[in-house]
Amino acid sequence: MKLFLDTASVTEIRTMWETGILDGVTTNPTLVAKEGRKFEDVLREVCALGVPSVSAEVVGTTTDLMLTEGRHLREIHPSIYVKVPMTAAGLKATKILASEGTRVNMTLVFSANQALLAAKVGAAYVSPFIGRLDDQGQDGMELIDDIVTIYENYDYATEVLVASVRHPVHVLEAAKIGADIATMPYAVMEKLVQHPLTDLGLARFLKDWEKVPKG
Ligand code: G3P
């Protein structure tokens, strides 16, 4: 399973990249706005680290605007995936961008039927937002289960990228279902590393090691 960071913070991305567990990065306009930096500068810095998959979202709402932005974004670096919203205009843009060889991440997906459409137009990734469904009282993980089943039924190549992840149990459940990717905030990825029994165990080992005769 691939683990992505959902952030536009180059500091966070660099720190996780150095651990060796990071497979990619997703951004969205909200995350980019938080950094107060030029989007293209952020993208270039992240790609220069060697991160193999970096999703950058278009903000135009017509097919023409999405195509113009998407073609521009993909030229920035070969690691860029163009993020396109799940709308009728977005489906049309995705079909064209995919036919040109651009890898598209279809975002703002909230139903299995939307995910089916993303696969039909050749999206490389589909991004269902599970946390936002949970917020509405709907089980987001059921959606992941449905999408994985549908994609397996028809052997679609589109990868399921679990987005709007809020805590480690989301990652665990997504992995058990067999989702291809989970993207998460830095704080959630940090929690995947930590366990209090690891810290306690290490402290005890180091303490006992002091009793071992040296020299
Ligand atoms: O990047 C898209 C998604 O992961 C957003 O998450 O927490 O704003 O619902 P959230």
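Both counts, for ligands and for their atoms, begin at 1 and track the order of listing.
- One distance of note links CE of Met16 with CD of Glu190; it measures 5.5 Å at 0.5 Å rounding.
- Both Tyr154 and Leu117 are assigned to one and the same hydrophobic cluster, defined by single-linkage of ILVMFWY side chains at heavy-atom distances under 4.5 Å.
- For ligand 1, the 4.0 Å heavy-atom shell takes in Asp6, Asn28, Lys83, Phe129, Arg132, Ala163, Ser164, Arg166, ordered by chain and residue number.
- With sequence neighbours left out, His72 forms a side-chain hydrogen bond (donor to acceptor under 3.5 Å, both in side chains) with Glu40.
- Judged purely by distance below 3.5 Å, without hydrogens or angles, the side chains of Tyr125 and Thr26 never pair a donor atom with an acceptor atom.
- Evaluation of the side-chain hydrogen bond (donor to acceptor under 3.5 Å, both in side chains) rule for Asp64 yields no partner, not counting sequence neighbours.
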Please table the atom pairs, donor to acceptor, closer than 3.5 Å between any side-chain atom in residues 201-213 and protein atoms at least two apart or in another chain.
residue, atom, partner, partner atom, Å
Asp208, OD1, Lys211, NZ, 2.9

